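One structure below.
First the proteins, then the strands, lettered A, B, ... as listed; each starts at 1. Please read these numbers as outputs of a predicted model, since none were measured by experiment.
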2 protein chains.
Amino acid sequence: MVSRAELKEELINAGIRPSVQRLAIFEYVRRSCQHPTAEVVYEALRDELGSLSLTTVYNTLKLFVDAGLISMLTIDDTFRCFDGNRCCHAHFRCNICGKIVDLQMKKDFISLVEGLDGYEITDAQLYLKGVCPSCLKK
Amino acid sequence: MVSRAELKEELINAGIRPSVQRLAIFEYVRRSCQHPTAEVVYEALRDELGSLSLTTVYNTLKLFVDAGLISMLTIDDTFRCFDGNRCCHAHFRCNICGKIVDLQMKKDFISLVEGLDGYEITDAQLYLKGVCPSCLKK
DNA sequence: CTTCATTTTTGAAATCATTGCAAATATATA
DNA sequence: TATATATTTGCAATGATTTCAAAAATGAAG
């Protein structure tokens, strides 16, 4: 697992001052495998930090996304969630239970897209939706 | 171009009664290459239909999406838009001008995803973001 | 250490796309 | 024609996200 010091270094390299709130939020999103929403991050850290504002969480997550440190998922159209996993992967969302899971890719999917000459690509997301094995059984 | 009669037939086959509003909305989304939002559909059809409610547009688009007749895009996190193009394709959204364009795929991208045994897939979207050639020039 | 400027955080109010709801209208069936 | 059902409508409510201006924290300069 990546250390707190390394995470701090990463923020500094991105030109972002590692305030207490920023480092805590960065650490939380990077270490979570749950694709947390801003609200979830807020609930998880408010006690640990003594105080925290939901606005700070929103601002900070946006800062990280713009810096390319984390990515924002819009697979569920009713809220945004965030992903600190830097490896290339796809996402599946179950229409029944709402759970979002990571799925590995055999190869990079951008290479399959035609006509990208002249485009600058900064983000790519592959979203699958349907019913998960667990919900299919019921 | 697909005829109005064929579109009507398609609604009936999907078990959806082709009311005046439904057929007009279906026709508009199917023939548009612009990925319209509910608001855009509403503005475009209210005069043509004499009267139309935004709520009807939302309800009807949801009806079509649930029936698998059109798809909903969440590539822009601030609004939903709709796509009547049934061919497998990816989408690119320019971070500067906001334009959303279709991109052809060399092959179906679902085949690249690992670990889908036991999952039922009902929808797949590949979203790319960045800067389009036109905005890159400026 | 103190002062001043800049950056960051905060909370409350505002925004706005979308949904809920119950009444009105249209359509199908008998 | 009467009755039941399906559809549409407009307005109010919802809720995630943003705005904004003040408060707090941090950094630089003397």
message = Tell me which residues in residues 91-102 of chain A lie within less than 4.0 Å of DNA chain D, going by non-hydrogen atoms.
response = none
message = Is there a side-chain contact between A/Arg80 and the phosphate of D/dT18, meaning an N or O under 4.0 Å from OP1 or OP2?
response = yes
ask   = What does nucleotides 22-28 of chain C look like as a protein-contact string, B for base, S for sugar-phosphate only, - for none, at under 4.0 angstrom between heavy atoms?
value = -------
ask   = Can you name the residues that form a side-chain contact (heavy atoms from CB on, under 4.5 Å) with B/Asp108, not counting sequence neighbours?
value = B/Cys88, B/Ile110
key: salt bridge (charged side-chain N to carboxylate O under 4.0 Å, His left out) involving A/Glu120 - partner list, sequence neighbours excluded   = none
Minimum heavy-atom distance A/Ala90-A/Met105, with the two atoms named = CB-SD, 3.6 Å
inquiry  = Just to verify, what does A/Glu27 make a side-chain contact (heavy atoms from CB on, under 4.5 Å) with, not counting sequence neighbours?
reply    = A/Arg4, A/Leu7, A/Arg31
remark   = Sorted by chain and residue number, the salt bridge (charged side-chain N to carboxylate O under 4.0 Å, His left out) partners of B/Glu114 (sequence neighbours excluded) come out as none
request  = Tell me which residues in residues 2-14 of chain A put a heavy atom below 4.0 Å from DNA chain C, sorted by number, or none.
outcome  = none
request  = Round to a whole Å and report the spacing from CD of B/Gln21 to C1' of D/dT7.
outcome  = 8 Å
ask   = Excluding sequence neighbours, so at least two apart, what forms salt bridge (charged side-chain N to carboxylate O under 4.0 Å, His left out) with B/Arg46?
value = B/Glu43
Just distance, no hydrogens or angles: give the donor-acceptor pairs under 3.5 Å from side chains in residues 125-138 of chain A, sequence neighbours left out.
residue, atom, partner, partner atom, Å
A/Gln125, NE2, A/Asp123, OD1, 3.4
A/Tyr127, OH, A/Thr74, N, 2.9
A/Lys129, NZ, A/Ile75, O, 3.1

Integer-rounded Å distance: C/dT9 P and A/Ile16 CD1 = 11 Å
request  = Verify the distance criterion only: is there a donor paired with an acceptor across the side chains of B/Asn85 and B/His35 at less than 3.5 Å?
outcome  = no
key: B/Lys62 NZ - D/dT8 P separation (whole Å)   = 15 Å
Under the salt bridge (charged side-chain N to carboxylate O under 4.0 Å, His left out) test, residues paired with B/Arg93 that sit two or more places apart = B/Asp76
ask   = Distance from B/Tyr42 atom OH to B/Leu52 atom CG, nearest 0.5 Å?
value = 6.5 Å
ask   = Atom CG of A/Asn59 and atom P of C/dT8: how far apart are they, to the nearest Å?
value = 11 Å
inquiry  = Below 4.0 angstrom, which residues in residues 30-58 of chain B have at least one non-hydrogen atom near DNA chain C?
reply    = B/Thr55, B/Tyr58
key: Over all atoms of both residues, closest heavy-atom pair of B/Gly115 and A/Leu103   = O-CD2, 4.0 Å
request  = Might you point out which heavy atoms bring B/Ser111 and A/Lys106 nearest each other, and give the distance in Å?
outcome  = O-NZ, 3.0 Å
message = Please report the distance, rounded to the nearest Å, between CG in A/Asp77 and C1' in C/dC16.
response = 16 Å
message = Contact between A/Phe64 and A/Ile25 at the side-chain level, heavy atoms closer than 4.5 Å - yes or no?
response = yes
note = Whole-Å distance, A/Asp76 CG to D/dA16 P, equals 11 Å
message = Strictly below 4.0 Å: does B/Arg22 bring a side-chain N or O up to OP1 or OP2 of D/dA6?
response = no
ask   = Rounded to whole angstroms, how far apart are CG on B/Leu23 and P on D/dT7?
value = 14 Å
query = Which residues satisfy the ring-ring contact (aromatic ring centres under 6.0 Å, His included) test with B/Tyr58, sequence neighbours excluded?
reply = none
